[in-house]
Every structure is written in structure tokens, then in C-alpha cells.
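Nothing here was measured: the structure is a model prediction, and the numbers come from that model. Within every chain, numbering begins at 1; the chains are lettered A, B, ... in the order of the sequence lines, protein sequences first and strands thereafter.
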There are 2 protein chains.
Amino acid sequence: MDSEVEPDTRVLDAADALFYAHGVQAVGIDRIRDAAGVSLKRLYRCFPSKGDIVEAYLRRRDEISRAALEEHIAGYATPREQLLGMFEWLRAWFLQPGFRGCAFNNAFGELGAGSEAVTEVVRGHKAALRARILSLVEGTGVADPERLAAQIVVLFDGAITVATVTGSPDAALQARDAVAVLLEHGAPAGESGGTGEPGGSRTSGTSGTSGSRDD
Amino acid sequence: MDSEVEPDTRVLDAADALFYAHGVQAVGIDRIRDAAGVSLKRLYRCFPSKGDIVEAYLRRRDEISRAALEEHIAGYATPREQLLGMFEWLRAWFLQPGFRGCAFNNAFGELGAGSEAVTEVVRGHKAALRARILSLVEGTGVADPERLAAQIVVLFDGAITVATVTGSPDAALQARDAVAVLLEHGAPAGESGGTGEPGGSRTSGTSGTSGSRDD
DNA sequence: ACAGCGCGAGAACGACCGTTCTCACGAAGG
DNA sequence: CCTTCGTGAGAACGGTCGTTCTCGCGCTGT
């Protein structure tokens, strides 16, 4: 009952586990071949190059994670609770053994400018997430949905990054609480979000040794 | 005036630019050697292995970015403005040509579990950032500094991730505005931050196909 | 029975990896 | 002067990469 599934699926299953666990560049074709139990010839018939496997790996992760998130938030009644529930979902993900961060962020950081296809899939994944969050935010009847949605996206990705590095799932709840506050008190007292200075009283320059090399 | 600097510095300069632009694994020793204009023998005397170059690369980025951030926020008068000013600093960083995300996140995603030394440097960098943010938050006299600091860290890292993927610096300002709101209205109406449900009314299960493969 | 064909197993290939070794050269010391 | 030693340039090494090629086996049709 293992060798009855389609070879492409077996290859993608193997590639998914290996790419996610060790990174794309660290995993060779032979290793995927071994794990999938597929001949090299068949593997190259399903996917003409390693780049195609990587792209399919990310596209499938995109579909699966979108469906899983959708299924999870379907259990909540209101858009507000769905928005908060997304971070419970994040927490459950962080707790899974073998959690190693966002596959899209990892792939983008690893291949980045090198692969146009990867960039496109990663951008699409993040854009879809943002669109979904925006639709939920609009359902809450808040004053400036675009703005709040952008902030929630930042909290979402930030929670993933923090959880990845620290190894703790707490960031999900911290982010969720921040979302709750932002939902309650939409806009701050003063300015509205442009490039303006926060309060004034800036005294020294930004230049100096901080020129070209940073974080 | 270029060949008068120490060879280690020339090697690190070259490695820094190449590692950050193309990723660690994508850059070979020969390429660093060419860019640094140093003999292979000398390079291996300065750094006995590529892993040592990677570690030194991250350690120097850590020092430089900490100093640059410190220098920037020194221009603000109050802790509150310093916290908000950190996101102006982020925005300036995002706007630099060649910005390709956080070198620590990228290296961690790429090498991850594979390198103990890299993990330690990345964790140290993030922990230092968190400690600095916490010290500033404590200066604002807010009710629960640990909690707000954790949220700001999430917004900080989230802004970096979003800016990296979208290529736009807007995330810095969106995060800054969120920090402003959180500074104004510390705790939400109900619970204080535990694992408790936000409002209740959860109806369906979390299980199903969302088991093992996610974002 | 036999020609033909598709397939799996894995060798082969050229390129590149990180690292080490060779070797000629040039300055320093007696 | 000659010796010695550290150095730079780069060849060499073993290994791995992604990809292609070879070969022999087992099925199919008549």
C-alpha cells in the first residue's frame, strides 16, 4: 500500500520531508531517489530537473497549508475569532515535531534571487495569506482594514520567525494577544501611518558606520 | 589603500558581501578567495575551515548591527521614541540596495540544524535584540514589560520577513504603528496572556488533513 | 519462439565543492 | 655567497552534485 501511489507523489513526499528538514541545497537528487524508492530515470521523467521538484514542493505546500488554515478557521464563528484562531493554528504548527520554520521563507532565503520560479511561488503564497487576512479583517468592520491586515501579516510572519529561532511556540500567543489589542483599538492617537516622525526630538544623524552592513 | 588592511578583514569583507547576496552554500571558497585577493594558503591560515568564515561573518554582522541600531536610537529622547525609532531604522535598512533579509534568519534557515555554531550565534543575536527591546520597554513604565517586549520582537522580525519577501519597506511603518498602539493600550479587555480561548464558540476540530505538512 | 520495447539499477560524466600539497620564488641570516 | 624559510599561485585530491548513458532483464504481440 506504499508502492501503489503515483510515483510523482512518492517523489514529492520524499522531497518535501528532505527539503524541509535539511534545506533545498543540502539535499541531493540521489537522496530523494532513495527515499522515494524510484528509479532515477522515472524521477527525471516526472520532474525534468531539480528545480522542478523544488517548485512542485513549494506549490504543494502552498495548497496544503492554505487548505489546512481554511479548515481550521472554519471552526470559528466570527471573523474576529477566525483572525485570532489563525494564531492558535500557528501555535499547533510550532508544536509539531520537526518544525523548522516557514518552508517559503527558508527557500527564499536560500535560493532568493537565484530562482525566478521560487520567488514567484513564495510571493504568491504570502500574497494569498495577506488577501485572506484582509478579507477577514474587512468582516470585522474595523476602520482601516488594509492597515490592520498589513499589521496582522507582520505579526503572523514574525511569530513564525521568532518561533523558528527560539524553538518555543509562545510567539503565537504573544502575536495573538497583539492582534486582539489592535482589533480593539484600531488607530493610535496622533498620526495615521505615513513617513512622519513619531514624536519629534530626533537629535543625531543616522549615518556613520551603519552605512552598508546591518542585520 | 586596499591591500593595506589585514587579510582577515579582506576575507571577511568579501565573504560578507558574497554570503549575504547569494547565501552561504552557494558561495565557494574560491569565490571568496578571488574577491578578497588573498592566497588560498593565507585564507586557510586565517580561517581553518569554511565554517569558521561563516561563524565570523555572522559574529561581525551581530556586532555591527547592534552598534548601528544603538547609534540610531541614541538620537531619540525617550524610550518610547527609541522603540518607535527602531522601526525607522528598519525602514532605512530595507531601502538599502541589495537588501536581502536578515542574514541570521537566512543562515539559520539554510544551515539550521546542521551547524551548532551558527545556531548559537543566531540565537544570541536574537536574544540580544530581545533584551535591548525589553530594557527600552521597561523604561516606558508600561504594565507588563515582558509581554510587550515579546510582541515588539515579533513585529520587528515580522517586518523584516515581510519586507524581504515583498521587497517593499512599508512593513517597517506598519509595524511601527502597531507598536504605537500596543504602547498606548497595554492589555486587552479580558484575559492576561495564557493559553485561554479568546472568546469561546469554537465548533469544529483542528485535526484532519492538516496533520503533518503546513506552511 | 523470438524480435521489440520499456524499465530499473547503477555506472559514467563533467563540473564544482572544501581542503591539502607542490613548487618556484624572494627576502633574511650567517 | 649560500641556506633557509615563509609565501603565493595554483595543481591535485577525494567527494558530491545534477544529469545522462549503458546495459540487461522481463514483458508483449504474433
Next on the checklist: If you only use heavy atoms from C-beta on, which nucleotide in C/dT19, D/dG8, D/dT19 is closest to the side chain of B/I29?
Outcome noted: C/dT19

Checklist entry - For A/R42 and D/dC21, what is the distance between atoms CZ and P respectively, to the nearest whole Å? => result 19 Å

Next on the checklist: Heavy-atom nearest nucleotide on DNA chain C for B/D30 versus A/S39: which residue maps closer to 5'?
Outcome noted: A/S39

Item to check | Residue mapping more 5' on DNA chain C - nearest nucleotide basis, A/V38 or B/V24 | outcome: A/V38

Checklist entry - Would you call B/D13-B/R60 a salt bridge at under 4.0 Å N-O? => result yes

Checklist entry - Rounded to whole angstrom units, what separation is found between the CD atom of A/Q25 and the C1' atom of D/dG18? => result 13 Å

Checklist entry - Which part of the nucleic acid, if any, lies within reach of B/R45 when heavy atoms closer than 4.0 Å are counted: base, sugar-phosphate only, or nothing? => result sugar-phosphate

Checklist entry - Do the ring planes of B/W89 and B/H72 sit parallel (below 30°), tilted (30 to 60°) or perpendicular (above 60°)? => result tilted

Next on the checklist: With a 3.5 Å cut-off and heavy atoms only, can you find an N or O donor on one side and an acceptor on the other between the side chain of B/K41 and the base of D/dG8?
Outcome noted: yes

Item to check | Whole angstrom value for the distance that separates P of C/dG18 from CD1 of B/I32 | outcome: 7 Å

Checklist entry - Between C/dG10, D/dG18, C/dT20, which nucleotide has the shortest distance from any of its atoms to the side chain of A/L40? => result C/dG10

Item to check | Length of the line joining A/R33:CZ and D/dC17:P, which is rounded to integer Å | outcome: 13 Å

Item to check | Rounded distance (Å) that lies between atom P of C/dG8 and atom OH of A/Y44 | outcome: 16 Å

Next on the checklist: Using only atom types and a distance under 3.5 Å, with no angle test, would you say the side chain of B/N106 pairs donor to acceptor with the backbone of B/R100?
Outcome noted: yes

Checklist entry - Which heavy-atom pair separates A/A171 from A/V162 by the least distance, and what is that distance? => result CB-CG1, 3.7 Å

